[in-house]
Amino acid sequence: MKMKPLALFGGTFDPIHIGHLSVAWEASELLDAEVRLMPANVPPHRPPPTASATQRVDMLRAALRGQSRLAMDTRELERNGPSYTIDTLEELRREFGARPLVLLLGADAFAGLRSWHRWRELFNVTHIGVINRPGIEACIPVELERAVAARRTDDPAVIRTETAGKVIELSVTPFEVSATRIRELLAAGRDPRYLLPAGLFDDPELLAPYRAIPSP
Ligand code: ATP
């Protein structure tokens, strides 16, 4: 019996917003896959997220309540320090045997793939699903295109029957929203209610890390 592919969608999720959820949901439908959102530790040379790892997980949990297509995987936060994607995917491969795995990447992230640690080895353990993202210029370098051309497929059935090694473009409904924009709105005292999942408004503590501290 064939198992549903397992797709991994990594990010900082500082905070999770409707762009993340909509993309993950549509990828799950297009691939008939279980999708896990996988919050990342941030490397020391990058600006730290505004919310702590625990707060980001609490927001993800609130955002995912009430549906069963999308889940969360906190394995990267449970390790000390940031993880290389290849290490995480190799661990998942050991855990899931021959189940198809799909790494979901925004087109901007995919364009920079050649700078990733052991990037060519990713194809031994996972497929890659490339997601379009509006407002972000993502030009695939010629060398990368050359390296992946033979791996490209536009047939989700191939992703379901093979274990790893393919690249598929996933055309999803564009949502021009970013966590940066949402942090700016909250810090300015605004209330971006419809850019965030409703669950984030259930508990006022969830968005507190981003709100401007009222002056005394
Ligand atoms: P920030 O503005 O803080 O950089 P972000 O909104 O880009 O955050 P991340 O947590 O960095 O969110 O993104 C995780 C993944 O989600 C990345 O692969 C990113 O390309 C993708 N992503 C984020 N927002 C969108 C969107 N609106 N449409 C499509 N993909 C998105």
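When a ligand or atom number is given, it counts from 1 through the structure's own listing order. What you see is a predicted model, and the numbers here were worked out from it, not measured in a lab. The basis for the numbers below is simple: all heavy atoms, side chains too, and nothing from hydrogens, waters or symmetry mates.
Under the salt bridge (charged side-chain N to carboxylate O under 4.0 Å, His left out) criterion, the residue pairs touching residues 55-66 are D58-R61, with sequence neighbours excluded.
Near ligand 1, residues F9, G10, G11, T12, F13, H17, G19, H20, V23, G106, D108, N132, R133, F175, V177, S178, A179, T180, R183 come within 4.0 angstrom through at least one heavy atom.
Considering all non-hydrogen atoms of both residues, V23 and V172 come closest at CG2-CG2, 3.9 Å.
Using a 4.0 Å cut-off between a side-chain N of Lys or Arg and a carboxylate O of Asp or Glu, E184 and R190 do not qualify as a salt bridge. By the 4.0 Å N-to-carboxylate-O rule, E91 lies close enough to R79 to be salt-bridged with it.
For T173 and E26, the side-chain atoms include at least one donor-acceptor pair closer than 3.5 Å.
Annotation: cation-pi geometry satisfied between R193 and F201 (NZ/CZ under 6.0 angstrom from ring centroid, within 45° of ring axis).
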